[in-house]
2 protein chains.
Amino acid sequence: MAHSSASMSSKPSTSHDIAQGLSLAIHEHRIAPGTKLGEDELAEIYGVSRTVVRAALQSLSHIQLVEIRRNKGARVASPSLAEAHEVFEARELLEPRIARSAAARANATDIALLERHIRDEHAALDASDPGRALYLSGLFHNEIARIADQATIAGFVETLVARSSLIIALYWRHERALCEKHAHHALVRALADKDEAQAEALMKSHLVDLHSALDLRERNWRAGSLKDALTQ
Amino acid sequence: MAHSSASMSSKPSTSHDIAQGLSLAIHEHRIAPGTKLGEDELAEIYGVSRTVVRAALQSLSHIQLVEIRRNKGARVASPSLAEAHEVFEARELLEPRIARSAAARANATDIALLERHIRDEHAALDASDPGRALYLSGLFHNEIARIADQATIAGFVETLVARSSLIIALYWRHERALCEKHAHHALVRALADKDEAQAEALMKSHLVDLHSALDLRERNWRAGSLKDALTQ
DNA sequence: TTGCCGTCGATTGTATACAATTTTGTGTCC
DNA sequence: GGACACAAAATTGTATACAATCGACGGCAA
């Protein structure tokens with residue numbers, strides 16, 4: 001149940017742990033897109049050999065959270081604007097369908113879990129931790145995909161949500177407030193009512209909103225210190 | 001340009017080469033679902049160390065062509081019937097949309113390439129090489145996704161096509177002949193005519209045909225010798 | 001015979017050592 | 001002062017060595 005971040009010298013982290021830790025740090029915007037992820041550096045931080053770190057980085061590169069170039073090492077991915085639009089187009093294609101299936105299958109336990117996610121998200125926002133709120137918001141979408149019981153598409157959604165986190169870090173318009181509170185809540189209502197058409201429509205419009213909230217100008221930030229972000 | 005299969009002792013294969021070689025062998029049904037892929041075995045075959053083989057296997061596990069279980073090694077994936085239906089449902093969702101985009105963007109070069117694919121496929125069938133024909137048929141779908149210029153969805157399609165090859169190995173009804181000749185040819189015509197609606201409809205019905213040609217009973221085969229398949 | 005348990009062999013997981021490549025720094029020449 | 005060339009350092013790629021785990025075989029007791 002522990003967050004299993006770095007600096008836990010007691011347990012010998014596996015490559016999965018490391019991938020999870022890096023993924024969380026990227027999701028919560030503690031590591032910026034474009035940051036170099038040196039193998040020795042990570043090996044030292046997590047107290048393992050480069051072998052394990054390499055496995056973790058390869059794993060993350062497959063879901064395009066990091067970009068590995070031969071003999072050049074790994075960096076946190078930095079999606080172009082074109083890629084950003086592609087990702088949201090893909091989400092607009094997949095997730096409404098998933099929401100429909102989820103509405104047909106959701107039970108009381110699922111609904112309770114989703115409501116809990118929303119509560120946690122609000123708590124994170126109140127605690128001025130927008131990074132964590134964003135991460136939980138992503139989990140919310142993943143959870144709906146899981147409820148739909150279509151592991152294949154759910155896997156795709158997971159990678160799209162992950163990449164969305166990078167995209168938001170790069171292209172989000174800060175002027176526009178987080179309107180997700182209402183969208184997510186309404187979606188859960190539709191799922192609870194088993195209203196498939198409504199769930200599909202709400203998901204679609206929610207994603208279109210997100211997509212239109214991207215900034216078409218230039219990217220916002222870069223780089224950042226790695227060890228600080230990972231060792232809390 | 002070489003096929004870069006195994007037994008080419010001249011070039012020091014990279015992990016990408018090995019993943020490609022294994023992938024091709026699986027696509028062409030020279031390696032059956034469920035086959036054990038021992039690290040030492042592959043390392044010897046390709047003349048590299050286990051390090052490189054492990055990287056290749058991990059790579060293939062991410063697209064679910066092989067299944068890696070901790071301390072148990074890697075096997076060629078063996079999708080369940082439920083997974084099989086999931087894969088085709090996902091394809092029915094993604095590929096018609098992709099076909100529509102491809103119709104809007106296809107140029108003369110693209111059409112020529114697709115027609116060449118179809119010719120190669122026929123040639124393979126005439127040469128009684130159904131494995132290669134199946135592989136080329138998969139390439140055909142990948143190529144359409146590439147033409148649509150949506151790298152993200154194209155990547156998804158690629159993994160779905162790959163898994164479809166496993167599914168066909170396990171659940172294909174042999175009684176039903178390869179009806180793909182007409183379907184693929186008609187699809188290319190629609191793309192050449194830039195008839196988006198027709199392309200979308202044809203792709204959808206083509207996939208539904210494939211899906212309905214799956215055998216709901218039990219799996220067909222298993223195991224098989226590895227070195228023979230890889231060393232030609 | 002059947003079931004259990006311990007040892008042994010085989011296979012995978014991890015760490016370390018070495019080779020190859022890229023990057024960085026420095027000195028020289030124009 | 002700037003550009004090029006070369007050398008040194010740092011980083012990644014690959015191979016090998018060692019540790020841990022799993023599975024099979026065989027002995028022993030019930």
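Lettering follows sequence order; numbering is per chain, from 1.
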For the student: nearest non-hydrogen atoms of Ser78(A) and Glu83(A), plus distance: O-OE1, 4.4 Å

Looking at residues at least two apart in the chain, or sitting in another chain, which of them share a side-chain hydrogen bond (donor to acceptor under 3.5 Å, both in side chains) with [X]?
X         : result
Glu92(A)  : His211(A)
Thr152(A) : Glu86(B), Arg163(B)
Arg97(B)  : none

According to side chain to side chain contact (heavy atoms under 4.5 Å, CB included), who are the partners of [X], at least two apart in sequence or on a separate chain?
X         : answer
Thr51(B)  : Ser49(B)
Ile167(B) : Pro79(B), Ala84(B), Val87(B), Phe88(B), Tyr171(B), Leu214(B)
Ala55(B)  : Gln58(A), Ser15(B)
Leu60(B)  : Ala19(B), Leu22(B), Ser23(B), Ile63(B), Leu65(B), Val66(B)

Could you list all the salt bridge (Lys or Arg N to Asp or Glu O under 4.0 Å) pairs where at least one residue sits in residues 67-81 of chain A, not counting sequence neighbours? none

Using whole Å, report how far NZ of Lys36(A) lies from P of dA10(D). 13 Å

The answer to which of Asp40(B) and Val48(A) contacts DNA chain C further toward the 5' end, by nearest nucleotide, is Asp40(B)

On DNA chain C, more 5' by nearest nucleotide between Arg50(A) and Thr14(A) is Thr14(A)

Residues 135-149 of chain B side chain polar contacts: donor-acceptor under 3.5 Å, at least two apart:
{"unit_1": "Ser137(B)", "atom_1": "OG", "unit_2": "Glu180(B)", "atom_2": "OE1", "d": "2.7"}
{"unit_1": "His141(B)", "atom_1": "ND1", "unit_2": "Arg91(B)", "atom_2": "NH2", "d": "3.1"}
{"unit_1": "His141(B)", "atom_1": "ND1", "unit_2": "Glu95(B)", "atom_2": "OE1", "d": "2.8"}
{"unit_1": "His141(B)", "atom_1": "NE2", "unit_2": "His184(B)", "atom_2": "NE2", "d": "3.3"}
{"unit_1": "His141(B)", "atom_1": "NE2", "unit_2": "His206(B)", "atom_2": "NE2", "d": "3.3"}
{"unit_1": "Glu143(B)", "atom_1": "OE2", "unit_2": "Arg146(B)", "atom_2": "NE", "d": "2.7"}
{"unit_1": "Glu143(B)", "atom_1": "OE2", "unit_2": "Arg146(B)", "atom_2": "NH2", "d": "2.6"}
{"unit_1": "Arg146(B)", "atom_1": "NH2", "unit_2": "Asp110(B)", "atom_2": "OD1", "d": "3.4"}
{"unit_1": "Asp149(B)", "atom_1": "OD2", "unit_2": "Arg105(B)", "atom_2": "NH2", "d": "3.4"}

First of Ser49(B) and Ala74(A) reached from the 5' end of DNA chain D, by closest nucleotide: Ala74(A)

For DNA chain D, whose closest nucleotide is more 5', that of Thr51(A) or that of Gly73(A)? Gly73(A)

Contacts under 3.5 Å, N or O only, protein and nucleotides 20-25 of chain D:
{"unit_1": "dT21(D)", "atom_1": "O3'", "unit_2": "Asn71(B)", "atom_2": "ND2", "d": "3.3"}
{"unit_1": "dG23(D)", "atom_1": "OP1", "unit_2": "Lys72(B)", "atom_2": "NZ", "d": "3.4"}

So, Asp17(B) side chain and Thr14(B) main chain: donor-acceptor pair closer than 3.5 Å or not? yes

Contacting residues from residues 52-68 of chain B, given that a heavy atom lies under 4.0 angstrom of DNA chain C: Arg54(B)

Which is the 5'-most and which the 3'-most nucleotide of DNA chain C that has an atom under 4.0 Å from a heavy atom of chain B? dT11(C) to dT14(C)

